[in-house]
Structures are given as C-alpha cells and as structure tokens.
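Heads up, the thing below is written out as structure tokens.
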Amino acid sequence: MPFDQSVSHCAAIALERLWPTVAKRYARHKNRHRLPVFQQALQQDFAQLYSCLVDLYGAQWDFYFHLEQTLVKAAQAWMDASDDHRVYQAEHNDWLQSEQTIGATGYVDLFAGNLRKLQSQIPYLTDLGVGYLHLMPFFDVPEGDNDGGYAIKDYGKLNPRIGTLAQLKSVAAALHDNKIRLVLDFVFNHTSDQHQWALLAKAGDVRYQAYYWLFRDPAEKAPYSRYLRDIFPDKRAGCFTWNEELQAEVWTTFNDYQWDLNYQNPEVYTAMCSEMLKLVDAGADVIRLDALAFTWKQPESNCENLPNAHRLIQAFNAFLRLAAPGVVLKSEAIVAPDEVIKYISADECPVSYNPNLMALMWEALATRQTKLLIAGTQARSGLPADTVWVNYLRCHDDIGWAFADADAWSVGINPQDHRYFLNQFYTGQFPGTFAAGVPFQADPNTGDCRISGTLASLCGLEQALLTGSSTDHAIKRILLMHGIVLAFKGIPLIYLGDEVGMLNDYSYRADPNHHNDSRWVHRVRFANTGADQRSVNNSPQNQVFTGLVNLIELRRSHPVFGFGDVVVLPSVAESVFAFSRTYQGQTLFVVANFSERLCQLESSQCLRLGLMDSAVDLLLDQPLAPSQGLELAPFQQLWLLGV
Ligand code: GLC
Ligand code: GLC
C-alpha cells in the first residue's frame with residue numbers, strides 16, 4: 001500500500017511532532033490551564049494552517065522551521081492574552097450580522113485630536129448607534145508625507161501626536177465597554193522605507209534585503225513589471241523606485257516610500273504574524289487587510305488577485321483562528337466584483353467592503369436610472385454563510401468605478417464610455433451636474449481617473465450653498481444614499497463627518513505633504529465639518545443629522561434589517577430601485593426613487609415587485625396599501641413593513 005501523503009495525514013503527523021515543543025514551553029505558564037483548549041483547537045484547525053503553508057512554502061529548505069515558528073507564535077498569543085479580551089470576543093459572535101451594528105470610520109486626529117480626546121467622544125458615537133469603529137492607522141510613521149498613516153515604521157509604537165500604546169488599550173477597553181468593536185488596519189503589503197527592516201536592508205544586511213523586492217538587473221525585473229498597472233499614476237509612472245544605497249530598484253506599488261514586502265520569503269510571513277498580533281494585543285476585534293490584492297507577485301502576471309495572495313490571506317486567517325479566535329479579517333479589495341467576492345469566506349475574509357454597491361449607487365444618482373444598479377446587485381449580493389458586507393458610500397479613499405463590465409454591457413451600457421461620463425459628472429465638468437468632486441490620480445495615458453469628495457459635496461450640497469439655490473434636493477439625495485446603505489444587508493459604514501453633511505475642504509492644496517493627493521479634500525477636521533450646527537434647527541447639518549439618526553433608529557428597531565435575506569427586485573420604472581428583506585416570516589420592502597421627478601407606480605408595477613396589500617411605511621410612519629399603487633416624491637424611499 002502506498003503510504004498516505006494526504007494533507008490531513010501529513011498535518012496530523014506534523015502536529016504530533018511539534019506539539020511536545022509547545023507543551024513543554026508552557027508547562028509552567030500562569031495560564032497553563034488554557035493549554036488543553038489550545039490543543040483541541042489545533043486538532044480542528046491546524047490542518048488548514050499547515051495546508052496553506054505547505055502550498056506557499058513547502059518547497060523551501062527550512063519549511064519545518066517556519067511551521068514551528070508559526071505554531072509557537074500562535075500558542076504564545078493564546079497563552080498570554082488577557083482573559084477579559086478573550087471572554088469578550090468569544091461571547092459576542094453574532095454582532096456582524098446584527099441590525100444593531102452601525103459602522104463608523106475616521107481618523108483619530110481629524111475626528112478628535114488624539115486618543116485621549118477620542119475617548120471623551122465615545123458618547124457621540126454611541127448616540128449614533130456605532131458598534132464598529134474603524135480608525136485609520138496611527139502607528140509610528142515618518143514625518144511629512146506618510147500616506148495618511150499607511151507607511152508604517154513600527155506596529156509596537158504609536159505616532160506620538162496620537163497617543164501612547166497604553167492610551168490605545170484604554171480606548172479599546174472603553175469602546176468595548178460601550179459595545180463598540182475596534183477595527184484596525186494591518187498594512188501588510190508594504191512597510192515604510194524607514195521601518196527597521198528597510199533600514200537594515202539599506203545598511204547592507206542581506207537577511208533584511210530578502211524582506212523586500214529588490215532588482216539590480218533590469219532583465220530580472222522585466223517579467224514582473226510587464227503587466228503592472230500604475231496605482232498612483234499622476235504622482236509617478238511605474239511601480240519601482242531607484243534606491244541609491246542599495247543600487248537597486250525597490251518594488252513600491254503605492255508611494256515611493258512604501259516598500260512592498262516579499263511574501264515568497266517565509267520569514268516575512270512569520271514576522272508579519274507577530275506584527276498582526278500587536279494589533280490584536282492593542283484590542284482590535286476586526287483586522288482590515290489593507291491592499292490585500294497586491295501581496296503576491298508572480299512573473300508574467302499583473303500581480304493582483306493571484307491565487308497565492310488568497311492562500312496567503314487564508315494562512316493569516318488560519319493563524320489568527322488559533323492565536324486569537326474571535327478576531328476577524330476584513331478584506332479591502334477595491335477591485336472588479338468578480339475578484340472582490342473571491343476574498344470573502346469564513347476561511348479567508350469574513351468581512352469585506354462592498355465597492356460594487358457603492359459605485360453603482362453613485363452611478364444611479366448621476367444617471368437617475370437604476371438599471372445598472374439592479375443588474376449589478378442582483379447577481380452579486382449573495383455571500384457565503386457567516387460572512388458579511390460592509391456597505392458604504394464614502395471612506396477615506398477615492399471612489400473608483402469598480403462595477404463589472406459585463407453587468408454594464410448586459411443593460412446596454414458601454415462601460416468605458418460610462419466611466420468617462422461618471423468622472424466628468426462627479427468632477428463637476430458635465431453640464432448640469434450637481435456634484436463637486438475632485439479628480440484623483442488622473443492618468444494622462446488612459447484618460448482614466450477616480451473621484452475624491454465628501455458625500456455632501458458629491459450629492460450637490462456644496463454647489464447649492466455656493467450658488468444660493470435650494471438645498472432641498474441635495475439633502476434628499478444624501479438621505480436617500482444613507483437610507484439604502486442602512487436598509488441593505490450588511491454593516492452600514494458611515495465616514496465620520498458625512499453624518500453632518502461635511503463639505504469638501506480644499507485647504508490640502510496649500511499643504512506640501514498633501515497637495516498632490518486629492519483624497520485630502522474629504523479628510524476634514526471635525527471642527528471644520530460644521531458638526532456644531534447639527535442642533536441648529538433646519539440648518540443643512542441639522543437636516544442631514546436628524547434624518548440619518550432617524551434612519552439608524554429605525555434600522556436598529558427591526559431585526560429584519562440585520563439577519564433578513566436580501567433580494568434585489570426587477571426593474572419596474574427607470575429611476576426605481578427596490579429590494580426586499582425577509583426574516584422569520586416578516587417581509588420588508590424598500591422602494592426608492594433615484595430621480596428628482598415624481599414617480600408614479602401603477603398597481604401592475606407594484607404587483608410585479610411583489611408588494612403586499614397592506615404595510616406601514618416606517619419612514620413616514622403611515623399605513624399604505626402598496627399593491628394598489630405608490631407615489632414616490634423626488635428621491636423618496638419607502639421602507640414598507642408588511643402588517
Ligand atoms: C489602502 C488604503 C489607502 C492607501 C493604500 C496603500 O488602499 O485604504 O489609503 O493609500 O492602501 O496603503
Ligand atoms: C487601494 C485601492 C484603490 C485605491 C488605492 C488608493 O489600492 O484598492 O482603489 O484607489 O488604494 O486609495
């Protein structure tokens with residue numbers, strides 16, 4: 001009989017051989033009572049970790065060493081963790097799907113100044129119902145331009161302007177006391193060129209040179225660079241940066257000071273596992289995998305979304321499951337929808353941004369037509385069990401038109417031309433547009449660009465205020481957009497400042513560190529958002545804020561918004577977007593008008609949507625007979641709950 005070489009068998013043997021090292025190491029540990037639980041977890045989950053690592057690194061001469069390192073690190077994290085945190089995370093595992101969970105995201109310094117002050121702002125967040133808070137990276141970064149914190153020098157240290165590690169832990173504990181989960185970025189595709197590893201590499205240490213991608217010979221680089229796209233084309237062409245000290249080109253997908261890590265080196269994987277644990281230790285409940293699509297490189301490919309990038313993320317997931325079960329990974333894949341979906345699974349990223357819904361909502365707002373929104377979401381809203389979308393309108397980054405070409409063609413739209421139109425529209429160049437956005441990374445070669453701007457400025461509030469015209473439509477657009485995100489299935493994410501209708505802030509243009517990155521137009525200091533006006537009756541800030549709070553409260557009072565399945569309904573009128581949610585025998589219909597024109601739905605159209613005979617509209621708090629016909633005012637949405 002041939003001997004058994006199946007992965008599960010090999011994993012079991014490997015575990016048998018490695019376990020005594022772990023057991024011996026922790027035999028006298030103060031938490032040694034946890035050891036049997038860890039051993040049990042290994043019986044269940046070690047095979048997955050092993051299988052990922054064999055695929056990635058099995059051919060390396062020192063594979064076994066790295067496997068052992070990984071196991072030991074996981075054991076250490078498990079054994080050393082504080083009880084409070086563990087218990088907290090184990091107890092609350094259905095929060096991801098819950099209607100109670102509202103997400104918010106922002107910068108500590110812009111929102112509050114620093115961590116200490118952030119702690120005193122927690123009541124503001126709890127008033128909004130926030131249960132998921134993504135704070136932009138605040139770790140040690142070089143002074144000056146650091147990509148808004150995404151060029152990290154050291155995960156063990158905080159940017160002193162933001163606070164200390166002790167303050168971070170205290171903020172995390174305070175957030176947890178208020179049932180708010182903390183989401184932190186794991187910027188694992190690259191480090192700052194000032195990171196200790198990069199400094200050692202520059203000083204000639206070959207061990208650390210192997211942490212990065214260095215090319216001394218252009219012929220060696222050619223097969224890797226052939227199919228790459230420029231991520232920041234208006235800053236520089238290409239993805240490589242010449243380094244004098246190394247006399248080599250360094251792979252830098254993003255800015256020239258962000259050095260891509262070389263995951264073909266298993267030591268990089270294990271070193272980054274340790275870095276990830278620092279986030280867990282600081283109190284992270286969700287780890288946002290920054291720029292995950294770019295992490296694996298392979299000759300003669302575009303080096304995005306490669307199968308081994310998935311394997312690598314699965315390896316991090318498997319590691320985390322052992323080291324800190326309860327902490328979940330979130331995907332930041334802002335790529336084509338068919339690629340986005342591949343990152344989402346319980347074994348890879350249980351949480352993901354939903355860039356498709358985001359882009360398509362902006363598309364529908366510009367065109368006043370919902371056919372692409374319907375086509376694009378009908379096919380793509382379903383997710384594997386135990387995974388969830390994060391639905392959003394704006395975040396700290398730009399808007400890219402990441403809908404699927406095939407979806408556009410399916411409704412008779414030429415995707416390239418349409419993206420061109422959308423860029424013109426949202427940068428205020430299309431005649432009659434309401435939007436005041438700014439181009440981001442306009443590519444002189446392709447004519448392509450992405451869009452920066454706040455929710456309110458892109459919805460027309462800036463233009464209305466500037467020209468002294470009515471703000472009515474702009475505010476309705478803002479609330480329509482918020483409403484869809486709050487009613488759809490997934491965690492609704494608010495970009496802090498958008499809840500009060502903050503406008504673009506153009507002062508970045510005078511800042512030498514930011515002037516060439518238009519994303520700073522929507523990275524606004526909270527004091528400049530007009531938030532203090534939110535209690536002034538009928539101010540735009542007040543209308544947006546109170547409207548949004550009302551939507552949030554309604555969402556949080558009906559479980560159907562959380563666990564209910566979503567079905568996007570067929571098109572019955574040019575500007576109407578409708579979907580249903582069902583949960584435990586209860587059905588809710590959302591019917592929304594994306595146009596400034598009144599929209600009359602005949603009974604036959606309502607029946608095609610499957611609307612009920614008798615409902616209450618949660619927003620107007622009024623009984624309606626939807627199957628007999630509906631009238632939708634400009635930008636009106638109905639939340640119809642069957643009675
Ligand atoms: C992610 C971040 C973005 C950053 C990039 C490089 O996309 O969201 O802000 O520029 O990664 O780290
Ligand atoms: C990430 C995102 C991309 C974004 C860029 C900078 O690469 O995937 O969409 O434009 O970061 O913000």
Side-chain angles (χ1 to χ4, degrees), residues 103-110 134-142 144-153 155 159 183-195 198 212 228-236 239 241 250-261 263 272 275-276 279 286-295 303-305 309 313 329-336 339-340 343 349 351-355 358-359 390 392-400 402 438 440-441 449-453 493 495-496 508 513-514 516-524:
T105 175
Y107 291 83
V108 175
D109 52 347
L110 297 180
H134 170 212
L135 297 173
M136 257 20 102
F138 38 59
F139 293 92
D140 195 16
V141 287
D145 187 5
N146 51 47
D147 196 20
Y150 283 90
I152 291 174
K153 267 166 72 176
Y155 277 105
N159 182 338
V183 187
L184 293 180
D185 273 275
F186 184 40
V187 186
F188 73 125
N189 176 66
H190 44 263
T191 71
S192 152
D193 62 354
Q194 305 299 313
H195 191 287
Y212 299 99
L228 299 183
R229 81 184 154 109
D230 293 356
I231 301 298
F232 290 154
D234 86 359
K235 282 191 175 173
R236 70 209 175 91
C239 295
T241 304
V250 186
W251 199 317
T252 53
T253 299
F254 293 90
N255 289 290
D256 52 14
Y257 52 79
Q258 288 164 308
W259 286 19
D260 286 40
L261 286 163
Y263 279 100
M272 288 306 281
E275 299 301 292
M276 184 163 76
L279 297 174
V286 178
I287 289 180
R288 175 187 181 274
L289 293 181
D290 181 67
L292 80 187
F294 302 90
T295 46
C303 298
E304 283 184 50
N305 309 307
I313 297 159
L329 294 179
K330 176 190 185 192
S331 157
E332 192 247 345
I334 314 298
V335 290
E339 297 297 338
V340 171
Y343 292 94
C349 294
V351 185
S352 168
Y353 282 106
N354 190 351
M358 184 275 292
V390 170
Y392 67 117
L393 302 164
R394 295 299 299 111
C395 69
H396 69 293
D397 280 336
D398 44 290
I399 299 176
V438 182
F440 177 66
Q441 300 300 326
C449 80
R450 281 118 66 192
I451 304 295
S452 295
L493 181 70
Y495 180 52
L496 285 168
Y508 77 97
N513 293 321
H514 297 155
N516 60 0
D517 187 336
S518 74
R519 289 175 297 174
W520 288 92
V521 84
H522 55 253
R523 298 174 179 176
V524 183

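Whatever order the structure lists ligands and atoms in, that order sets their numbers, starting from 1. Keep in mind it's a predicted model, so treat the numbers as computed, not measured.
Within ligand 1, counting atoms from 1 as listed, the ones closer than 4.0 Å to a heavy atom of Asp147 are 4 (C), 5 (C), 6 (C), 10 (O), 12 (O). When each atom of ligand 1 is checked for a heavy atom of His396 under 4.0 Å away, the hits are 2 (C), 3 (C), 8 (O), 9 (O). Under a 4.0 Å criterion applied to the non-hydrogen atoms of Arg288, ligand 1 contributes the atoms 8 (O). Set against the non-hydrogen atoms of Arg519, the atoms of ligand 1 under 4.0 Å away are 3 (C), 4 (C), 9 (O), 10 (O). Heavy-atom proximity to Glu332, at under 4.0 Å, picks out these atoms of ligand 1: 1 (C), 7 (O), 8 (O). Listed by atom number, the atoms of ligand 1 under 4.0 Å from His190 heavy atoms are 6 (C), 12 (O).
Salt bridge annotation for Lys330-Asp290: absent, with no cationic side-chain nitrogen under 4.0 angstrom from a carboxylate oxygen.
Residue nearest to atom 11 (O) of ligand 1, selected from Ile152, Asp290, Ile334: Asp290 (by heavy-atom distance).
For the pairing with Tyr155, the ring-ring contact (aromatic ring centres under 6.0 Å, His included) check across Phe139, Phe138, Phe188 returns one residue only, Phe139. Here the options are Phe232, Phe254, Phe294, Trp251, the test is side chain to side chain contact (heavy atoms under 4.5 Å, CB included), and the partner is Cys239; only Trp251 passes.
Shown here for Ser192 and Ala198, the closest heavy-atom pair between the two residues is O-CB, 3.9 Å. Nearest heavy atoms, Val521 versus Gly453: CG1-N, 3.7 Å.
Asp517 contributes a side-chain N or O that, together with a main-chain N or O of Arg519, makes up a donor-acceptor pair within less than 3.5 Å.
The shortest separation from a heavy atom of Met136 to ligand 1 is not under 4.0 Å, leaving the residue out of contact.
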